[in-house]
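Single-structure report; data block below.
Just so you know, these numbers come straight off a predicted model, no measurement behind them.
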Amino acid sequence: MPRYFFDYRDATGVIRDDVGEDLPGVDVARELALVALGDAARDFTRQGREDRLTIEIRDGEHVVAGATVTVATSWWS
């Protein structure tokens, strides 16, 4: 099974995943990244934080996929 690494980026910088996870393929890695990104966005919203969050998926040194979400906590009436 290939090993995928999930690097997390926000305004404070990058947290590089040096451990990774063995997964059956990039589609499963994408699903896990989207769940993690959603969890992070929910946490930021609960804390009242606004930011742009990105998870990049690597298969070693090459980025094979990624996703970004912008978290804004303003409410409209």
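For the residue pair Ala11 and Asp51, the shortest heavy atom distance occurs at N-OD2, 3.2 Å.
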* To do: Walk me through it: do Leu53 and Val71 pass the test side chain to side chain contact (heavy atoms under 4.5 Å, CB included)?
  => CA-CA 8 Å; Leu53 310 170; Val71 180; 3.9 Å; yes

* Asked: Does the side chain to side chain contact (heavy atoms under 4.5 Å, CB included) test come out yes or no for Asp17 and Tyr8, once each step is laid out?
  -> CA-CA 8 Å; Asp17 177 5; Tyr8 176 86; over 6 Å; no

* Determine, step by step, whether Thr68 and Arg52 satisfy the side chain to side chain contact (heavy atoms under 4.5 Å, CB included) criterion, reporting the C-alpha distance in whole Å, the side-chain angles of both residues, the deciding distance to 0.1 Å, and the verdict. => CA-CA 7 Å; Thr68 299; Arg52 181 178 172 178; 3.2 Å; yes

List the atom pairs, donor and acceptor, that lie under 3.5 Å between side-chain atoms in residues 19-38 and the rest of the protein, sequence neighbours left out.
| from | atom 1 | to | atom 2 | distance (Å) |
| --- | --- | --- | --- | --- |
| Asp22 | OD1 | Arg3 | NE | 3.3 |
| Asp22 | OD1 | Arg3 | NH2 | 3.4 |
| Asp22 | OD2 | Arg3 | NH2 | 3.2 |
| Asp27 | OD1 | Arg30 | NH1 | 2.8 |

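No side-chain heavy atom of Arg58 sits under 4.5 Å from any side-chain heavy atom of Val64. With a 4.5 Å cut-off on side-chain heavy atoms, Glu56 and Arg16 do not count as touching.
Tracing side-chain contacts under 4.5 Å through hydrophobic residues (I, L, V, M, F, W, Y), one reaches Ile15 starting from Tyr4; they form part of the same cluster.
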